[in-house]
Every structure is written in structure tokens, then in C-alpha cells.
Amino acid sequence: MAPFTLRWGIISTGGIATTFAKDLLVDPATREVTDVQHAIAAVGSRSVPSAEAFITRLRNAGGASAHGVSHAALDSTTAYGTYEEVFADPAVDVVYIGTPHPFHHPNAKAALLAGKHVLCEKPFVMDLAELDELVAIAKEKNLFLMEAVWTRFHPIAYAVQREIHSGKLGRVRRVTAELSSYAHLDERADNDRMIDPKLGGGALLDLGPYPSVWSMLVLHQHPDNTDQAPQVLDSSQRIYARNGVDELSAWTVRWDGLAESRILCDFTAWTPRDCAAVIDCEHGQLIVEHPLYRPERYRIVPHPSTVAGSSESAPPPPRPGQITEESVHHCPIPAGNGMHYEADEVARCIRDGKTESARMPLAESRVVQGWFDTVRKQGSSVLKDLVGNAGK
Ligand SMILES: NC(=O)C1=CN([C@@H]2O[C@H](COP(=O)(O)OP(=O)(O)OC[C@H]3O[C@@H](n4cnc5c(N)ncnc54)[C@H](OP(=O)(O)O)[C@@H]3O)[C@@H](O)[C@H]2O)C=CC1
Ligand SMILES: O=C1OC[C@@H](O)[C@H](O)[C@H]1O
């Protein structure tokens with residue numbers, strides 16, 4: 001059977017829109033996908049030349065050395081100087097939103113109201129009220145809506161879940177997850193989206209979605225989990241003095257009856273390369289390596305007390321089931337950056353008439369967005385008392 005072709009309208013032409021669009025050009029066969037493929041029907045920017053330049057860059061992308069890249073997806077791409085024209089184009093099935101965070105809500109709302117399905121970058125929106133409004137519109141109009149948490153669709157995300165949920169490492173005791181990414185804040189312009197409060201700046205909203213992914217996949221989706229509304233127990237933020245956004249946010253979440261997770265994101269330091277998320281289990285630890293947004297390696301390691309020579313006295317004999325040997329597991333992304341996996345999911349859902357993804361359900365976006373609201377309100381950044389568009 002011929003693959004289903006999903007026709008994308010991309011709005012904005014910045015960093016991540018470029019990465020996403022390039023991934024749409026990667027031949028699905030490189031990741032053993034044969035049932036869906038992608039076409040870029042339209043690109044919308046705040047100016048026509050910028051949309052045109054984006055398309056030209058894509059046409060020139062890769063060259064002879066690019067593994068599995070095909071430019072056929074660009075055969076009939078229209079350049080627009082407004083986002084609204086993308087929403088109105090009948091050749092567009094779904095809109096990808098790659099604008100800065102505060103524009104996600106108004107852009108997604110306009111696309112949905114124009115009758116388009118939507119894939120929206122992380123963080124979904126600025127607060128829960130904005131998210132609830134989008135979900136209501138999508139439901140009412142029977143349209144697909146998803147937050148673009150690409151990491152959830154990577155091979156490693158499925159592999160780690162299988163390891164933990166199989167029970168072979170025993171009960172999960174705790175998840176610690178960190179995305180720290182030294183961001184050279186002092187060298188950034190005032191209107192840089194990473195720090196500008198008007199563009200939703202700060203570590204919480206920019207980095208926070210990624211460590212949260214691992215806690216959600218491991219604990220929230222755990223077969224033994226019964227807590228659908230895991231609460232923030234405590235949180236802290238450190239504020240960037242220059243403009244009052246958070247440069248560091250940390251919080252703890254409890255899934256009642258299961259386990260807790262400690263989540264950290266930080267613009268002023270680096271996560272240790274070999275240890276970004278630690279899933280501490282009864283029989284050993286599963287460690288996901290940096291960076292948590294696109295890891296390709298994890299290790300299963302014994303607990304320190306079971307390693308010979310780790311203390312002056314001999315270690316105790318291993319308990320039944322205890323891991324005694326370290327193992328290393330590679331889960332490579334064969335071609336492209338890895339955003340094509342989420343695009344494939346969107347294509348399959350839309351092909352099958354689904355309005356949300358079972359892998360990235362709206363209820364789970366809601367849980368994480370709720371943590372961000374709580375951490376923000378408990379903190380002291382300039383976004384503390386933010387009221388998003390839906391609450392105005
Ligand atoms: N999934 C992932 O891995 C990543 C996701 N992101 C998310 O994507 C979003 C965009 O990030 P990124 O691509 O790095 O940002 P960029 O600044 O590189 O691009 C943002 C684009 O949005 C458009 N835009 C519309 N209004 C404004 C405005 N007032 N100020 C600035 N830009 C505007 C512009 O496109 P134009 O001029 O064409 O209209 C601009 O190029 C963020 O929400 C971020 O969290 C970011 C990086 C990685
Ligand atoms: O989404 C993202 O992924 C990688 C991070 O370093 C970046 O700041 C963020 O926007």
C-alpha cells in the first residue's frame with residue numbers, strides 16, 4: 001500500500017523550525033518506516049523573504065553527503081509572509097509551531113480555529129489555562145493536537161521503559177533527572193528568547209520539559225502507577241539578577257504509592273555527560289546519559305554496595321536479582337536529528353482519525369504544565385505572577 005503523506009505547514013523560520021523541517025526531508029526508510037511520509041506544503045514567516053530563504057536553505061540542505069535526505073518533500077512548497085496564510089492554505093493538513101513560548105497559545109489557537117491539526121513546540125504554553133483552552137477548541141473541532149516532546153518517540157525512550165516496566169530491575173525507588181546546559185547568559189542580548197521575560201525566558205520553561213520526560217515515562221506510565229495527578233512537594237529557583245528570570249529550577253514530584261522524582265534544570269552548569277537521569281531500582285540503577293533531550297546510550301549498573309573494592313570491607317554477597325555487572329546499551333538515531341519520529345506519530349494519528357497521541361497524551365502535557373505553574377508560583381522570578389493569554 002502507498003504510504004500516507006502528511007502535508008505540513010511550518011510557522012516560523014528559526015532554529016528549531018529548521019531542524020524539524022530538515023528531519024521531514026529524511027527518507028523514512030532510514031528508520032524503517034514505510035507507512036507514512038511527509039511533505040512541506042507551506043512555510044510561514046513574518047516576512048516573505050525569510051520564508052523563501054528558509055525553503056532555499058532546505059533545498060540546499062544536506063548535499064551529496066546527507067544520508068537518506070530527499071528533497072521531494074519540497075516539490076510544491078509555498079512561502080508566506082504571515083502565519084495566517086498558512087492556516088488558510090487548503091494544501092496544509094497540520095501546522096507545526098516553532099515560535100517562542102508565549103506565541104504558542106495564540107498561534108495554536110488561530111491554527112485550530114482555521115481547522116488545522118497542530119503540533120506545537122515545548123513548552124506547550126505559558127500556563128494551564130492556555131492549555132485547557134486549546135484542548136477545548138481541538139475537542140470541539142475534532143482536530144489533532146500534540147505538544148512536540150520529540151524525546152518521547154526516540155528508540156531509547158521505548159527501550160528504557162521496557163527495561164523498567166518489565167520489573168527485571170525490581171521496584172523503582174527514585175528517579176533523578178537533570179538537564180543543565182551552560183547558556184553563557186551574560187553574553188546574550190536582552191531580547192534573546194532564552195532570557196527575555198517577554199519571550200518566556202528562563203531555565204524552567206526551556207529545559208524543564210526534558211528531565212520531566214523521563215519521570216513521566218518511567219513513573220507516570222509505570223504499570224503500577226495509580227496517581228494521575230502527581231504533585232510538586234517542594235521547589236526552588238535561582239534568579240538571574242540581570243533581568244529576574246530563573247537561571248535554575250529544581251523540584252520534587254511524588255507519585256503516591258510509587259516513588260518520587262527530583263528534577264533539575266540549570267542554565268549555569270553542565271550535566272555530567274555519563275549521568276543525566278538515574279532510575280534507582282531495587283536491584284540496580286539504570287542511568288541515561290546526557291543530553292536528556294536526545295540521549296543515545298544508557299547503562300545498567302550495580303548498586304555501589306555490590307561492587308567489589310567500593311569499601312574497605314568486602315561487599316555483601318548480592319541479593320537475589322541484584323545486578324552485579326554493568327551493561328551498556330546503544331539506541332542510535334540512524335539518520336537526521338530525531339524529530340521525524342514525532343512527525344511519524346502525528347501522521348499516523350491524523351491518518352487514523354485520532355485527535356491525540358497515546359504516546360504523548362494531552363493529559364500528560366497537562367501534568368507537566370501544572371508542575372511548571374506550581375514551580376513558577378512558588379518561586380520569585382519575574383514570571384511568578386504570569387497570567388497567560390487565556391486568563392486575561
Ligand atoms: N524540540 C526541541 O528540541 C527544541 C524546541 N525549541 C522550542 O522552540 C521554540 C522556538 O525556539 P528557537 O527555534 O530556538 O527560537 P528562534 O529564536 O531560533 O526562532 C523563533 C522564531 O519564531 C518566530 N517569531 C515570531 N514572533 C517572534 C518574536 N516576537 N520574537 C522572536 N521570534 C519570533 C521567528 O520566525 P519568523 O521571523 O520566520 O516569523 C523566529 O525565527 C521555543 O518555544 C523552544 O522552547 C527550541 C529548541 C529546541
Ligand atoms: O528544546 C531545547 O532542546 C535543547 C536545549 O538545549 C534548548 O535550549 C531547548 O530549547
Side-chain angles (χ1 to χ4, degrees), residues 9-23 42-58 79-87 95-108 110 119-126 130 146-154 178-185 188-213 245 247 249 265-271 276 290-295 333 336-343 346 360 365 368-369 372:
I10 294 180
I11 66 156
S12 81
T13 56
I16 201 57
T18 304
T19 306
F20 180 78
K22 281 186 184 167
D23 272 352
V43 173
S45 177
R46 290 170 298 171
S47 80
V48 174
S50 162
E52 285 172 345
F54 181 87
I55 296 167
T56 302
R57 283 200 305 278
L58 289 177
Y80 291 115
T82 66
Y83 300 158
E84 286 69 24
E85 288 167 283
V86 175
F87 307 152
V95 172
Y96 167 81
I97 296 171
T99 50
H101 328 329
F103 304 104
H104 292 178
H105 169 270
N107 294 155
L119 174 66
C120 180
E121 263 311 332
K122 47 59 60 179
F124 215 153
V125 282
M126 295 300 286
E130 289 191 345
M146 188 177 103
E147 182 183 10
V149 186
W150 58 313
T151 315
R152 280 193 180 226
F153 300 92
H154 290 173
E178 165 178 359
L179 179 58
S180 297
S181 184
Y182 189 80
H184 302 274
L185 298 183
R188 289 179 181 267
D190 289 342
N191 64 353
D192 185 313
R193 76 155 184 88
M194 304 284 264
I195 54 169
D196 185 348
K198 291 197 289 301
L199 297 178
L204 174 67
L205 294 177
D206 188 58
L207 303 177
Y210 293 111
S212 305
V213 165
V245 299
E247 56 183 24
S249 285
C265 45
D266 185 355
F267 273 156
T268 67
W270 286 106
T271 311
H290 181 73
L292 277 189
Y293 50 84
R294 192 186 181 280
I333 292 172
N337 199 48
M339 305 193 85
H340 38 54
Y341 292 107
E342 67 179 351
V346 176
M360 178 69 264
S365 284
V368 175
Q369 194 82 46
F372 296 161

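Counting begins at 1 with the first residue of the sequence. Both counts, for ligands and for their atoms, begin at 1 and track the order of listing.
- Assignment of Tyr83 to the shell around ligand 1 is supported, since a heavy atom sits closer than 4.0 Å.
- Considering only non-hydrogen atoms, atom 42 (C) of ligand 1 lies nearest to His101 out of Glu121, His101, Arg46.
- The closest heavy-atom contact to atom 6 (O) of ligand 2, among the options Tyr210, Phe267, Tyr293, comes from Tyr293.
- Ligand 1 lies less than 4.0 angstrom from a heavy atom belonging to Tyr210.
- Residue Ala51 places every heavy atom at 4.0 Å or more from ligand 1.
- In terms of protein heavy atoms, atom 10 (O) of ligand 2 is closest to Asp206 OD1, 2.7 Å.
- Using a non-hydrogen distance threshold of 4.0 Å, Met194 registers as a contact of ligand 2.
- An N or O contact shorter than 3.5 Å links Ile16 to ligand 1 by distance.
- Ligand 1 lies nowhere less than 4.0 angstrom from a heavy atom belonging to Lys198.
- Close N/O approach between Gly15 and ligand 1 is found [any backbone or side-chain N/O within under 3.5 Å].
- Looking from atom 14 (O) of ligand 1 to the surrounding protein, the closest heavy atom is Arg193 NE, 3.0 Å.
- Heavy atoms of Trp150 come nearer than 4.0 angstrom to ligand 1 in at least one pair.
- Within the listing of ligand 1, atoms 38 (O) sit less than 4.0 angstrom from a heavy atom of Ser50.
- Residue contacts with ligand 1 do not include Arg294, since none of its heavy atoms lies under 4.0 Å from the ligand.
- For the ring pair (Phe, Tyr, Trp, His ring centres under 6.0 Å) test, residues two or more places apart in sequence or in another chain that qualify with Tyr293 are Tyr210.
- Considering backbone and side-chain atoms together, Gly14 places an N or O closer than 3.5 Å to an N or O of ligand 1.
- Ala343 meets the side-chain contact (heavy atoms from CB on, under 4.5 Å) test with Trp8, Phe20, Leu24, His38; sequence neighbours excluded.
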